[in-house]
Amino acid sequence: MTKMASLQPIRGTHDLLPDEMRAHRHVVGTARRIVELYGYEEIATPIFEFSQVFQRTLGEASDIVTKEMYSFADKGGDLITLRPENTAGVARCFISEGLAQQVPVRFFYAGPMFRHERPQKGRQRQFHQIGVELIGLAQPEADVEVIAAGVRVLDALGVLGKTVLEINTLGDHESRESYRQALVAYFGEHTAGLSEDSRTRLSRNPLRILDSKDEGDRRIVADAPLFADYLNPASVAFFDRVTAGLETLGIAFAPNPRLVRGLDYYSHTAFEFTTTALGAQGTVLAGGRYDGLIKMMGGSDTPGVGWAAGVERLAMLCGTAPAARRPVALVPVGAAAEAEAVKLAERLRASGLRVDLAYSGNLGRRMKRANRIAASASILIGDDELSRGAATVRNMDSGTQEEVALPSLEEFLAQYR
RNA sequence: GUGGCAUUAGCUCAGGUGGUUAGAGCACCAGAUUGUGGAUCUGGGGGUCGCCGGUUCAAGUCCGGUAUGCCACCCCA
């Protein structure tokens with residue numbers, strides 16, 4: 001590897017410098033604060049798991065498993081995968097930690113995910129997600145709660161108005177299987193007219209064909225069997241209760257019969273908050289119900305519902321990051337004052353102030369620095385002030401300044417905290 | 001993984017048909033202003049023109065490859 005090549009970040013990864021990091025913290029912190037009101041507790045699961053955790057749960061034929069996983073053998077020969085999403089990890093955690101005793105559990109998480117995809121705006125190989133999982137409730141009210149929490153998070157971030165909530169039902173396992181068979185039969189008779197992509201989908205995930213953008217596919221899809229005709233009464237009743245619950249809460253939604261999910265573990269409710277403001281990567285928060293997942297992984301038969309949201313996408317939608325907290329600048333003049341300033345800086349920090357102390361430069365340079373870092377006030381200490389046991393405090397917005405006795409500095413500076 | 005477009009200073013970008021020491025704005029540094037920042041003016045530092053190779057007397061400019069970004073597809077947060 002050449003020196004230059006090694007200095008590039010790995011494709012699809014990004015450094016988060018302070019401005020962007022603050023934007024991320026705003027998104028994550030806002031979500032954490034909101035979902036806590038619903039009783040969600042934050043947890044963290046490892047960013048890698050045995051590959052089986054993802055292979056078995058996401059579906060052997062899913063795109064994530066077939067081409068997007070970062071997998072490797074570790075030194076012990078175990079097959080390891082960097083998590084491409086976190087629901088499987090949380091489900092594994094639920095089983096490993098014996099949490100079936102405590103249902104229902106409400107979890108919130110935030111952290112990096114990894115998918116080996118071709119990068120684009122809003123799509124990176126290492127990206128960050130926040131998400132919630134509500135495990136152990138089979139009632140449709142749980143779906144409504146989870147969606148409502150998503151709405152509140154988007155609203156608190158000021159982006160709800162830029163999104164549309166699309167919702168659909170995938171039915172229970174029985175409904176889904178009979179519909180799947182009907183689709184395979186129908187599309188099987190029209191393979192000649194299907195796009196190459198859709199012919200592949202026919203064996204892997206025929207529901208995907210419904211969502212195809214190919215014009216020829218769309219003509220065939222227009223006459224395809226409707227999912228509504230294959231939903232059993234229980235599935236219909238479940239979905240009705242979800243939509244009724246949303247209406248009760250005044251949550252606007254757009255039914256989208258063609259909304260499907262790429263991951264095998266979903267059933268019943270599927271939903272996505274989409275936006276047209278981010279180009280092709282329009283999904284900012286999405287999720288659904290995954291009643292079969294935990295049993296499939298070897299746990300007890302435990303239902304679950306949740307969502308995940310992309311931190312980068314939400315941050316982009318939010319626009320500018322919140323400003324950093326403004327510091328006060330300590331500006332000593334002369335050796336005696338510099339020595340005093342080091343001690344004073346510690347004192348002021350102990351009182352909760354953010355304090356910047358430059359270690360070199362004359363008064364003019366230090367004032368320029370204070371200005372550059374957007375200090376709210378500068379505290380000037382020279383021989384004059386020192387002899388009087390005081391400091392000159394300059395308000396950097398108004399330019400006014402006054403002398404303050406050193407012992408009462410904390411009290412005076414409280415307005416800048 | 002497929003196709004298209006891009007890559008020149010820290011950032012945003014100029015650089016007809018190849019032709020002497022590659023430019024601008026912003027940012028940065030210094031001075032005007034040696035106890036007072038922001039504005040203005042003056043000056044300054046900073047570029048292996050993504051990388052490798054080819055064509056040519058001569059390549060930032062043309063060709064090939066490669067890396068990365070962006071756009072679309074695929075799929076998803």
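Protein chains get the first letters and strands the later ones, always in sequence-line order, with residue 1 at the start of each. Keep in mind that the numbers below use all heavy atoms, side chains included, and drop hydrogens, waters and symmetry copies.
Going from the P atom of B:U20 to that of B:C28 covers 34 Å, rounded to whole Å. Separation of the P atoms belonging to B:C5 and B:G47 is 32 Å when rounded to the nearest angstrom. Using P as the reference atom, B:U56 and B:G50 are 23 Å apart when rounded to the nearest Å. Nucleotides B:A9 and B:A27 have their C1' atoms positioned 11 Å apart, rounded to a whole Å. With both ends at atom C1', the span from B:C57 to B:C71 equals 41 Å, rounded to whole Å. Taking the C1' atom of each, B:C74 and B:U2 are spaced 9 Å apart, rounded to whole Å. B:A72 and B:A14: their C1' atoms are spaced 29 Å apart (whole Å). Rounded to a whole angstrom, the distance from the C1' atom of B:C49 to that of B:A22 is 8 Å.
Note on A:Q401: a base of the nucleic acid sits closer than 4.0 angstrom, heavy atoms only. Base contact: A:D397 has a heavy atom under 4.0 Å from a base atom. A:A308 comes within contact range of the sugar-phosphate backbone alone, with a heavy-atom separation under 4.0 Å but no base atom that close. Here A:E117 lies in heavy-atom contact (under 4.0 Å) with a base. Residue A:V333 is out of contact with every strand shown, counting any heavy-atom pair closer than 4.0 Å. No engagement by A:G334 is indicated, since no non-hydrogen atom pair under 4.0 Å with the nucleic acid exists. No contact: A:R366 has no heavy atom under 4.0 Å from any strand.
Atom CD1 of A:I10 has 12 or fewer heavy atoms from other residues, nucleotides or ligands within 6.0 Å. Surrounding NZ of A:K121 are at most 12 heavy atoms belonging to other residues, nucleotides or ligands under 6.0 Å away.
Listed nucleotides: B:G38, B:U36, B:A77. Nearest to the side chain of A:L380: B:U36.
In terms of phosphate contacts, A:R115 brings no side-chain nitrogen or oxygen within less than 4.0 Å of OP1 or OP2 of B:C74. Dashed line: the shortest gap from a side-chain N or O of A:R201 to OP1 or OP2 of B:C75 is under 4.0 Å.
Sequence neighbours left out, not one pair with a member in residues 377-417 of chain A passes ring pair (Phe, Tyr, Trp, His ring centres under 6.0 Å).
Side-chain contact check for A:H14 and A:Q126: no donor-acceptor pair (N or O, by modelled atom type) lies under 3.5 Å. The closest side-chain donor-acceptor pair between A:D172 and A:S235 falls under 3.5 angstrom. Side-chain polar atoms of A:T392 and A:Q401 form no donor-acceptor pair below 3.5 angstrom.
Rounded to an integer number of Å, the gap from CZ of A:R326 to P of B:G37 is 17 Å. Taking atom CZ of A:R369 as the reference point, atom P of B:A27 lies 18 Å away to the nearest angstrom.
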(request) Going 5' to 3' through nucleotides 66-72 of chain B, assign each nucleotide B (protein heavy atom under 4.0 Å from a base atom), S (under 4.0 Å only from sugar-phosphate atoms) or - (no protein heavy atom that close). (result) -SSSSBB

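With ring centers used as reference points, A:F108 lies 6.0 Å or more from A:Y40.
Classification of the A:F48-A:F72 ring pair by plane angle, with boundaries at 30° and 60°, yields tilted. Ring geometry, A:Y290 versus A:Y266: the interplanar angle exceeds 60°, so the pair is classed perpendicular (tilted spans 30 to 60°).
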(request) Would you write the dot-bracket representation of RNA chain B, where each base gets (, ), [, ], | or . depending on whether it forms a Watson-Crick or G-U pair under 3.5 Å and with which partner? (result) (((((((..((((.....[...)))).(((((.......))))).....(((((..]....))))))))))))....

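Salt-bridge annotation for A:E36 and A:R33: absent, with no side-chain N of the basic residue lying under 4.0 Å from a carboxylate O of the acidic one.
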